[in-house]
Each structure stands twice: as C-alpha cells, then as structure tokens.
*Asks:* 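Quick one: the structure is below, questions incoming.
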Amino acid sequence: IALATEFARSTSDAQHSARRFALLASLAEIALAKMGATEMIDAILARVRDHFDAHKVSLLLLHGSRGSLGTRSVQRPEPARGQLPAMRVPLTWEDRLIGSLVLRRTQPIDIGEEETLALVADQIALALSTSGRYQFQAAMAVLDQLTELPNRRSAEATLDSELTRASQDPDALLCVALVDIDNFKGVNDTYGHEVGDAVLREVAAVFKAQLRGTDYVARWGGEEFLLIYRGHDLGRIQQVGERVRRALRQATVKVADGEKLSITASLGGAAYPMHGSTRDKLVVAADTALYKAKHAGRDRSAWHNSAP
C-alpha cells in the first residue's frame, strides 16, 4: 500500500511538472512572437486563465508615460457567481517591484499552483523587460499601492487615449463616472485609518470583480474612484456603473468586536460626446453629477443633465 501510494504521488508530481513545463513553454512562444505589447499581454493572460481554469486574470503594472498598459485583464464571458477569492503574486525585475499578477477562480489554489504562478510572473517580467517594449528603470510608478489599482496619473493618460479612440468612431459612446465612498471621513474618525484603508481595498476588490474586461477603474484620489467604460447604447453603459455601485452595498469590512461595517457609494457620470469632448470637461461634468447624487441623499447614481 505504501509503495502504491508513493507511486501515485510520484506520478501526480510528474504530471504536474509536465503541465507546468508546457505552460511556461507556451508563454515563451507568445513572448517571442511578432506582436504588439498589448496583444502579447492579452495572449499570455488568456493562456494563464485557461491553465488555471480561472474566471479572471489581471496584470497590474508599475510603469508610466502616456499610452502605457496600466491594467490588463482577461476573463470568461459568463459572469462570476459572487466575489471570487484572489491570488496575487508580485512581478519583480532586478530586485524591483514592477507590478503584480492577480488570478481569481472558485477553487482555492494549492502550493504547487502558487509556485507555478510565481514562475509565470517571473516569465512575464522577463518578457516585458527583454523585449524592449518597456523600460522599467526609467518608468514612473502609476499604480496605487494600497488598492493595486491605477492611480490618477495613469487614469488621465488612459482617458486621453480612450477619447482619441472614441473620436475615430462616430457611433461610440465613452462614459466616465466618479464614485465616492459615502461618509468616508466618518469611518476614519470613528474607526481609524486602518479600517479606512480596509474599506478602500474592499471597494477596489468589488470593482475588480464586477467590471467587464474592457472596463477601466482607477483610484482618482482619497475615497474617489474613476470608471471608464464604452459602448454604443447610453442606457446600457449607464447600467454598468449602477450595477457596480449596487454591488458595493453587499460589501462589508470587519471592525472591532466582530462588527461589520457596511459600505455605500455615490456615483456621478458623464458621457462623450454629449457631455464633453475633452478629459477635463468630462471629469467636471461627472463631478457635477456626483455632487447631485450626494446632495440628493447619497447611495445613488446621477448623470450629467439628468435627475438623480
């Protein structure tokens, strides 16, 4: 029995090693293929998603300059059932943190898979650096370390890029929404900044779980987040932001004595081209709508030139 058990264990380990080798080999082939940086990253993430049978895989990069990736994600078309647990591994290059790889799936990840995911992160960092597509030494950090979302600098560059793309499609609509956590100052004053930080991380986790692969979210500053999402029907893309905002109602953060702190947020939205044709005009329009939502009682959405 002992010999049979040992043989089965050895066979399982050999199969696991073979699958790991096949994954890393396929990632190397993708890195060597003639394709752009965004296409390469999406292909790698899709391969990782399929290997781990994950619902969503994201790459969060610490790098700067306009036109940078910031955050890339691939996920399965079917919606996730609830908020899935996340496994995060750092991306490092020459002893410097350059980002993180985040995998979400229903089943927990075992030790062997953690090791494989760490090797995948190393291979991604190597592919990015040696390809010449990124110069990490000269890059400026554009990732918010607390929430692992892009920060304001990255969001501004991304919004400029999305506006340029939208201007080339006469039927395109681009929505910008500002989401502000309700009564956040009271949370910090009552429970302390550690709980406040936990709230920010939980809100970021909800965004990551709820948004579509083509959507974008960044920490705009303080307790404010910026959403960017596109489509061709204003009503439907407004529903994206409202769905995310409502999902925040289900989120809680544990505080002293096991108490659970509920989270609500207000959203103000604006759309290109009807509410503004530049980044600044769209953000001002969204901020005006956010003020309307707050003034109407919080925990709601409002859109520019519409009733809350």
*Asks:* Quick one: are L200 and F184 in side-chain contact, heavy atoms under 4.5 Å?
*Replies:*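 SC-SC contact between L200 and F184 confirmed.
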
*Asks:* List for me each residue that meets side-chain hydrogen bond (donor to acceptor under 3.5 Å, both in side chains) alongside D50, sequence neighbours excluded, and say none if there are none.
*Replies:*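 side-chain hydrogen bond (donor to acceptor under 3.5 Å, both in side chains) check on D50 returns nothing, list empty.
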
*Asks:* Can any side-chain N or O of R246 pair as donor or acceptor with the backbone N or O of V244 at less than 3.5 Å?
*Replies:*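 Checked: no pair found.
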
*Asks:* Is it true that atom OH of Y291 has more than 12 heavy atoms of other residues, nucleotides or ligands lying nearer than 6.0 Å?
*Replies:*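 Count not over threshold, so no.
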
*Asks:* Between V176, V179, V240, which is the residue that forms a side-chain contact (heavy atoms from CB on, under 4.5 Å) with L227?
*Replies:*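 Only one option passes, and that is V179.
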
*Asks:* Find out whether Y272 and R279 are in side-chain contact, i.e. whether some heavy atom of one side chain is under 4.5 Å from a heavy atom of the other.
*Replies:*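 Sidechains of R279 and Y272: no contact.
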
*Asks:* Please tell me whether S266 and D180 have a donor and an acceptor in their side chains that are separated by less than 3.5 angstrom.
*Replies:*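 Judged by distance alone, the side chains do not pair up.
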
*Asks:* S26 side chain to L23 main-chain N or O, any donor-acceptor pair under 3.5 Å?
*Replies:*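 Judged by distance alone, yes, a pair lies under 3.5 Å.
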
*Asks:* Distance only, no hydrogens: is a donor on one side chain within 3.5 Å (strictly under) of an acceptor on the other, for S301 and R245?
*Replies:*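 Yes - a donor-acceptor pair under 3.5 Å links their side chains.
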
*Asks:* Given side chains that start at C-beta, do those of L248 and T264 come closer than 4.5 Å, heavy atoms only?
*Replies:*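 They are not in contact (no side-chain heavy atoms under 4.5 Å apart), so the answer is no.
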
*Asks:* State the CZ-CG distance between R152 and L159, to the nearest 0.5 angstrom.
*Replies:*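 The distance works out to 11.0 Å.
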
*Asks:* Looking at V203, is its backbone amide N or carbonyl O close enough to the side chain of K208 to form a donor-acceptor pair, meaning the two atoms are under 3.5 Å apart?
*Replies:*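 Checked: no pair found.
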
*Asks:* Can the ring centres of Y216 and Y229 be said to be less than 6.0 Å apart?
*Replies:*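 No, too far apart.
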
*Asks:* If you measure from CG on N183 to CG on N188, what distance do you get to the nearest 0.5 Å?
*Replies:*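 N183 CG to N188 CG: 11.5 Å, rounded to 0.5 Å.
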
*Asks:* Okay, side chain of R20, backbone of G112: is any donor-acceptor separation there less than 3.5 Å?
*Replies:*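 Side chain of R20 to backbone of G112: a pair is present.
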
*Asks:* Less than 4.0 Å between a side-chain N and a carboxylate O, is that true for R76 and D53?
*Replies:*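 A salt bridge links D53 with R76.
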
*Asks:* Please say yes or no: joined through hydrophobic side-chain contacts below 4.5 Å, possibly via intermediate residues, are I30 and L126 part of one cluster?
*Replies:*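 I30 clusters together with L126.
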
*Asks:* Looking at H275 and A271, would you say the former's side chain and the latter's main chain have a donor-acceptor pair under 3.5 Å?
*Replies:*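 Side chain of H275 to backbone of A271: a pair is present.
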
*Asks:* Whether the side chain of D110 engages the backbone of E113 through a donor-acceptor N/O pair (distance < 3.5 Å, no angle test) should be reported.
*Replies:*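 Side chain of D110 to backbone of E113: a pair is present.
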
*Asks:* Should the pair D169-R165 be classified as a salt bridge under the 4.0 Å nitrogen-to-oxygen rule?
*Replies:*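 Looking at D169 and R165, the cut-off is not met.
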
*Asks:* Return yes if some donor-acceptor pair links the side-chain N/O of R19 with the main-chain N/O of H51 below 3.5 Å, else return no.
*Replies:*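 Between the backbone of H51 and the side chain of R19 there is a qualifying donor-acceptor contact (under 3.5 Å).
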
*Asks:* List the steps and the verdict of side-chain hydrogen bond (donor to acceptor under 3.5 Å, both in side chains) for S100 and R88.
*Replies:* CA-CA 7 Å; S100 62; R88 294 178 174 85; 5.7 Å; no

*Asks:* Might you confirm whether atom CD of Q168 has over 12 heavy atoms from other residues, nucleotides or ligands at distances under 6.0 Å?
*Replies:*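 For Q168, atom CD is crowded (more than 12 foreign heavy atoms under 6.0 Å).
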
*Asks:* Which residues satisfy the side-chain hydrogen bond (donor to acceptor under 3.5 Å, both in side chains) test with Q123, sequence neighbours excluded?
*Replies:*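 Q123 satisfies side-chain hydrogen bond (donor to acceptor under 3.5 Å, both in side chains) with no other residue.
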
*Asks:* Counting C-beta onward and ignoring hydrogens, is there a side-chain heavy-atom pair between V217 and I228 closer than 4.5 Å?
*Replies:*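 No - every pair of side-chain heavy atoms lies 4.5 Å or more apart.
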
*Asks:* Once rounded to the nearest 0.5 Å, what's the spacing between atom OG of S154 and atom CG of L60?
*Replies:*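 Going from the OG atom of S154 to the CG atom of L60 covers 10.5 Å.
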
*Asks:* Run through N151, T147, D144 and flag the one making a side-chain hydrogen bond (donor to acceptor under 3.5 Å, both in side chains) with R219.
*Replies:*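 Only one option passes, and that is D144.
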
*Asks:* Using side-chain heavy atoms (C-beta onward) and a distance below 4.5 Å, is W220 in contact with V283?
*Replies:*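 Yes, their side chains come closer than 4.5 Å.
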
*Asks:* State, yes or no, whether a side-chain contact exists between S262 and R249 at a heavy-atom distance under 4.5 Å.
*Replies:*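 Heavy-atom side-chain distance check fails, nothing below 4.5 Å.
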
*Asks:* For the pair T288 (side chain) and V284 (backbone), establish whether a donor and an acceptor sit closer than 3.5 Å, ignoring hydrogens and angles.
*Replies:*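 Judged by distance alone, yes, a pair lies under 3.5 Å.
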
*Asks:* Contact between T106 and H55 at the side-chain level, heavy atoms closer than 4.5 Å - yes or no?
*Replies:*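 No, side chains not in contact.
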
*Asks:* In this structure, would M87 and L119 fall into the same cluster of hydrophobic residues linked by side-chain contacts under 4.5 Å?
*Replies:*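 Looking at the clustering, L119 is in the same group as M87.
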
*Asks:* Between I124 and I44, is any pair of side-chain heavy atoms under 4.5 Å apart?
*Replies:*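 When only atoms from C-beta onward are counted, I44 and I124 do touch, with a gap below 4.5 Å.
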
*Asks:* Kindly say whether Q210 contributes a backbone atom to a donor-acceptor pair with the side chain of R243 at under 3.5 angstrom?
*Replies:*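 Yes, R243 side chain to Q210 backbone: donor-acceptor pair under 3.5 Å.
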
*Asks:* Tell me whether F21 is reachable from V48 by hopping between hydrophobic residues (I, L, V, M, F, W, Y) whose side-chain heavy atoms are closer than 4.5 Å.
*Replies:*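 No, V48 does not connect to F21 through the hydrophobic network.
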
*Asks:* Could you give the distance from OG (S73) to CZ (R104), rounded to the nearest 0.5 Å?
*Replies:*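 Spacing of OG (S73) from CZ (R104) equals 9.5 Å.
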
*Asks:* Surrounding CD of E114 (heavy atoms of other residues, nucleotides or ligands, distance under 6.0 Å), is the total greater than 12?
*Replies:*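 Yes, CD of E114 has more than 12 neighbouring heavy atoms, counting only those of other groups under 6.0 Å.
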
*Asks:* Any side-chain to backbone donor/acceptor pair from R105 onto F52? Under 3.5 Å, distance only.
*Replies:*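 Side chain of R105 to backbone of F52, a donor-acceptor pair under 3.5 Å: yes, one is there.
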
*Asks:* Measuring from atom NZ of K260 to atom OG1 of T252, what distance do you get when rounded to the nearest 0.5 angstrom?
*Replies:*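 Interatomic distance, K260 NZ to T252 OG1, rounded to 0.5 Å: 5.0 Å.
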
